[in-house]
Amino acid sequence: KLSHPCGSLWRRQSLPTSTSHELILLLLLLLVGFLQRGESVLPQPHPPPWPPTYQLTESLLTMQCNGTGLSSPERAAQFGIVSYDWSNAKQHWAAAKPMNCEELLTIQALHTKAAGTSHVFVYRNIVKALPWFVTVRKKLNDPAYSGFFLKFDPEQRPYHVPDCAIENPTHCSNFYHDQEQTPQVPTKKIPNPDGNCVDYCDCGDHHPCGEYLFDHRNGTMLREFLVNQVILGALLPNVIDGLFLDDYWCSNLLCQEDPTIAGCPCDDPVQGPTEIDARSQHDMGLTDPEIRDITLAWNETMTAVHQALLDHGAYTWSLMFGQENANAQPVLLRRNNCQTLLQEACQTDSTWQTLPMLFGFSIVNRTVLAQLEQDLAFFLLARGDYAWAGWGVWGMTWPFNPEPSHGELPPLPHGVPLPDEFFIEYGVPTDTVCNEVSPGVFSREWSLASVQLDCNTFQASIDVRITSTKAEVSVSI
């Protein structure tokens, strides 16, 4: 698991450095294999339902999670997509009675959209039933819906996680839950929990706060609730345009049948739901075949979720290439992969040109752009119609909020500003794809710029043409 300032969803696999058309063939072969076994499959990467843009700031993406309060909507307006993690404003919603994470995400989205951000996403989860989301809490607290949730197996006592609230040993639940990333009342044993409650944690009258789990074997009734209320209910016309869908199920039995399934091997931390206590299978008394059945049912629900989002003009990270199973890992340019990546990207039928892609700007010392000219040139050379770039770490959180030190980030009293190069107008590509003009040297013409990257020397040049009614001036950056 990777450390990240958001502290909630950050992990997952690296994106393969090879993204050629052979990978598309592999994906299609895997699709055929799934269909032959009668299993549902997640949709393949799919472009968003809005027109493409080549304006650089509109092609920037960030995941935000200012734990101390709402994120800056003015800084967010500099990005084309801003996605808010559930840890955003956690200091406030964890102390609320009852917890109001869902409401604060909506308020954050309203502020961000009003500031001018084109596309605003918020967090949702259909693996974990998180009670700080009111839509989920209502079902958790209604006995009529107990079949929606996985249970502790009483025969497995003592459990590896507490089934009662730390501050109130009489406030218990037979629904399985852990406290991996759960707000708690500070104690001597846990003085700094992942979110502080005051006096007691309020996730409703019936169940203590914790990470609960949906039982996807419930079938149509649960699936309709998740699709129509948890997912589509999160969208807000002209305000919330998409979601980050966190976590996934993984089955050792399925991985043994096909090790190429996304998420295999099951190591986040073990088979079952991701980012849950590693002994959850024991505490719930689940067999390996039951884990497989839940994984397949979750997979079917995810297919319905993706289709519903697209049908309603919305989008999600997991429909971008390489971002399935709650991934958020951009492609990073290195001197030793420069020529290989660009030779692939310069093919009209490559994934770079046909599928939505994420690019990252490499970082040093956690706050400094290490190779801005090279990364920017690479983005302008390699991108297709749908491509986004951002902070070059898992999660792509651009540190733009004034915040104290947290996670791996040092104190950021003013955040990290966008470089001036991001506000330059480069126009649109006039070359369909980039060209290898000599071994290891790549170029591409844009309507207002000429872009070149020499992978042999790892030097980049971007000559921008500033036009007016009287003259055309070329400026190198």
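Predicted model, so just to flag it, every value in this text is computed and none were measured.
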### Query
According to the disulfide bond (SG atoms under 2.5 Å apart) rule, which pairs have a member within residues 302-378, sequence neighbours left out?
Cys338-Cys455, Cys346-Cys434
### Audit row: Trp446, Tyr54, ring pair (Phe, Tyr, Trp, His ring centres under 6.0 Å) steps and yes/no
CA-CA 10 Å; Trp446 285 59; Tyr54 284 91; 5.6 Å; yes
### Query
Between Asp247 and Glu275, what is the shortest heavy-atom contact and its length?
OD1-OE1, 3.5 Å
### Asp215: salt bridge (Lys or Arg N to Asp or Glu O under 4.0 Å) partners, not counting sequence neighbours
Arg217
### Query
Among pairs that include at least one residue of residues 363-393, which meet disulfide bond (SG atoms under 2.5 Å apart), considering only residues two or more places apart or in two chains?
none
### Message
Checking the side chain of Gln323 only, and the main-chain atoms of Phe321 only, is there a donor and an acceptor separated by less than 3.5 Å?
### Response
yes
### Student check: side-chain heavy atoms of Leu380 and Tyr426 closer than 4.5 Å
yes
### Message
Can you list everything that forms a salt bridge (Lys or Arg N to Asp or Glu O under 4.0 Å) with Asp375? Sequence neighbours excluded, please.
### Response
none
### Query
Which residues satisfy the salt bridge (Lys or Arg N to Asp or Glu O under 4.0 Å) test with Arg223, sequence neighbours excluded?
Glu300
### Task
Evaluate the ring planes of Tyr315 and Phe121, with Trp represented by its six-membered ring, and classify them as parallel (under 30°), tilted (30 to 60°) or perpendicular (over 60°).
perpendicular
### Task
Could you tell me which residues satisfy salt bridge (Lys or Arg N to Asp or Glu O under 4.0 Å) with Arg444, sequence neighbours excluded, listed by chain and number?
none
### Task
State whether the SG distance for the cysteine pair Cys255/Cys250 is less than 2.5 Å.
no
### Task
Taking all heavy atoms of Ala328 and all of Trp394, pick out the closest pair and write down the distance.
N-CZ2, 3.1 Å
### Message
I need the minimum non-hydrogen distance between Val270 and Ala278, along with the two atoms involved.
### Response
CG2-O, 3.4 Å
